[in-house]
Amino acid sequence: MKTDSIRRAVRFVGLVLPLTWAPRAVVAQGTATCSSYGVGVTTATVNQLLASAVVSAGELMAQGQAGDVAVPGFVTAQNVFAIANGGGDDGSDAVSSATLGAVNILNGLITADGVVAIATSTIGNVDAEGSSLANLVVNGVQVDDPAPNTRMDLDGVGYVVFNEQIRTSTGITVNMIHVVLQQNVLGVTQTTGHIRVGSASSSVN
Amino acid sequence: MSRLRAFAGVSATAVIALVGWSCETNRTALAPSTGKPLFHFFEFQCQPLKMTGGGRIDYPPGSADKNPPASHEYETFGAHVMASGQFDQNGVCVADKGELEWVDHRPEMELNGHPLNLHATAVTFAELAVDTDCSDGAVHWGGKLRVQNTGQENLDFEVWDCDNGEPGVGHDGFAIRVIEPIDGLGDYAVMCPDPSLPPAEPSCTLTGGNRQFHPTH
């Protein structure tokens with residue numbers, strides 16, 4: 001009985017008390033930021049970001065939506081939702097998403113009837129899980145479930161990257177469809193613009 | 001300096017040995033009993049808390065596997081709640097603030113030609129669930145919402161919100177029920193009352209995103 005009591009006392013001193021000495025700085029404190037948007041087009045003459053949501057450090061949530069969006073000549077889409085979620089003042093997590101239906105890019109060159117981009121960042125984990133493309137068709141050819149960073153050339157246009165995932169040490173950007181517009185000028189290929197559809201970014205540091 | 005190091009080394013060794021001696025071998029330890037019904041989100045405490053994040057659920061069935069994208073059988077959302085652990089005069093554990101944005105992409109849930117979109121106009125209660133398997137924390141919370149498709153307002157809702165570690169996908173859970181019928185749809189709930197689905201019924205398993213429980217704020 002006496003030995004048990006001594007053991008209990010030693011356990012308390014050896015295991016419990018040190019926990020109380022841990023400095024408060026051990027509690028994770030970070031800065032979380034995230035953003036998402038349905039459609040973004042940048043060229044020399046066009047600069048549009050449609051249905052966007054941005055959460056800055058310390059903020060909790062933002063959202064943007066649109067029933068129909070159009071950047072004439074470049075993109076049309078329906079039912080666009082962008083939601084961004086931060087962790088607030090302790091900034092240990094950030095999740096953003098962009099969803100779209102009935103996407104049509106460059107007058108039918110690329111179509112999809114469901115786009116989901118999700119970017120998730122927590123301390124120690126970054127992923128794009130939950131992102132997807134439904135009924136993706138490129139130049140009349142069905143493309144099923146493209147792997148991350150799948151690149152396809154588009155004759156006379158440039159190229160497209162599907163399920164583009166750009167990782168940094170603190171976060172991730174997901175562009176489910178990223179068309180890079182290019183022109184050949186005097187034998188030199190030049191990038192002239194970008195079309196991004198279904199973009200989500202998140203970061204925690 | 002070297003004496004100090006030697007002393008520290010001997011002391012650390014002695015402490016480790018002493019603590020090791022104090023830990024008894026539990027020869028009667030048993031594995032958790034299985035085969036009995038598991039019930040979750042029935043016991044609550046009113047405590048300071050915060051839950052944040054968002055993501056995706058593929059309901060039905062609400063398991064960790066994504067449905068085929070072309071089926072459009074999924075929901076996406078963002079949601080957070082904060083509470084100070086205070087009761088009001090009616091005994092309700094009140095929420096300090098919160099938001100919910102919910103989009104149900106299932107074709108059969110469309111209203112006026114658009115995906116069902118629910119938007120919380122008030123978050124009124126939040127209580128810590130203490131009987132779940134959610135390793136980091138679980139919260140039952142709710143309030144009032146508006147159906148963005150039709151403008152129908154002041155519908156009561158509740159959610160079951162579970163942070164079951166990292167990553168959120170395949171681990172965390174979320175479920176929602178709108179208490180009054182939605183015009184044009186009727187009763188609406190995305191709940192997974194299946195004890196075999198981790199982590200805690202009725203929450204459905206995330207297929208994307210994360211729920212993050214913060215014990216206090």
Side-chain angles (χ1 to χ4, degrees), chain A residues 4 6-15 18 32 34 53 55 60-63 65 67 78-79 81 83-90 92-99 101 112-136 144-145 202, chain B residues 15-16 18-24 50 52-58 64 66-72 74-82 97-103 105 107 110 112-115 117 119 148-149 163 166-170 206-217:
Chain A
D4 286 347
I6 294 169
R7 280 180 160 158
R8 277 193 209 104
V10 170
R11 277 203 300 270
F12 180 78
V13 171
L15 297 175
C34 59
V55 165
L60 284 163
M61 190 170 159
Q63 62 95 19
Q65 62 188 75
Q78 296 177 351
N79 299 321
F81 296 90
I83 306 174
N85 310 271
D89 52 11
D90 58 357
S92 57
D93 62 304
V95 180
S96 65
S97 67
T99 58
D113 67 10
V115 176
V116 181
I118 300 180
T120 303
S121 296
T122 57
I123 293 172
N125 182 67
V126 166
D127 67 60
E129 294 290 336
S131 301
S132 63
L133 289 163
N135 292 323
L136 175 65
D144 292 327
D145 197 18
S202 63
Chain B
V15 167
I16 291 167
L18 198 58
V19 170
W21 166 78
S22 72
C23 297
E24 304 155 68
K50 182 168 80 171
T52 58
R56 167 175 171 162
I57 290 168
D58 284 49
K66 275 194 302 188
N67 290 324
S71 72
H72 303 285
Y74 54 86
E75 300 78 23
T76 52
F77 69 99
H80 67 262
V81 64
M82 296 171 70
K97 62 178 175 179
E99 289 181 88
L100 167 74
E101 197 71 36
W102 177 267
V103 184
H105 301 267
E110 281 193 356
N112 291 339
H114 300 290
N117 180 200
H119 174 83
Q148 299 288 66
N149 310 57
D163 180 0
E166 311 301 335
V169 61
L206 295 196
T207 51
N210 183 59
R211 302 302 296 157
Q212 192 77 28
F213 180 78
H214 313 248
T216 58
H217 65 276

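None of the values given here were measured: they were computed from a predicted structure. Residue numbering restarts at 1 for every chain, and letters A, B, ... go by the order of the sequence lines. In what follows, every heavy atom counts, from backbone to side chain, and hydrogens, waters and symmetry copies are set aside.
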Going by an N to O cut-off under 4.0 Å, is there a salt bridge joining A:Asp145 and B:Lys66? no
Do you know which of B:Gln148, B:His105, B:Gln212 has the most heavy-atom pairs under 4.5 Å to chain A? B:Gln212
With only heavy atoms counted, which part of A:Leu133 is less than 4.5 Å from chain B, the side chain, the backbone, both or neither? backbone
Distance-only donor-acceptor check, side chains B:Asp58 and B:Thr207, under 3.5 Å: yes
Proximal component of B:His114, with respect to chain A [non-hydrogen, under 4.5 Å]: both
Specify which of A:Gln65, A:Gln63, A:Gln78 makes the most heavy-atom pairs with chain B at under 4.5 Å. A:Gln63
Turns out that what part of A:Val116 lies under 4.5 Å from chain B's heavy atoms comes down to side chain
Check whether any side-chain heavy atom of B:Arg211 lies under 4.5 Å from a side-chain heavy atom of B:Leu206, and answer yes or no. yes
Might you point out which heavy atoms bring A:Ser96 and A:Ser202 nearest each other, and give the distance in Å? OG-N, 4.4 Å
Contact check, side chains of B:His72 and A:Asp113, non-hydrogen atoms, under 4.5 Å: yes
Side chain, backbone, both or neither: which part of B:Glu101 has a non-hydrogen atom closer than 4.5 Å to chain A? both
Given side chains that start at C-beta, do those of A:Val55 and A:Asn85 come closer than 4.5 Å, heavy atoms only? no
Interface moiety of B:Asn117 toward chain A, non-hydrogen atoms closer than 4.5 Å: side chain
Residue part contacting chain B, namely of A:Ile118, when any heavy atom lies under 4.5 Å: side chain
Could you tell me which portion of B:Phe77 (side chain, backbone, both or neither) has an atom closer than 4.5 angstrom to a non-hydrogen atom of chain A? backbone
Do B:Arg56 and A:Thr99 meet the criterion of a side-chain donor-acceptor pair at a distance under 3.5 Å? no
Please flag which part of A:Ser131 lies under 4.5 Å from any non-hydrogen atom of chain B: side chain, backbone, both or neither. backbone
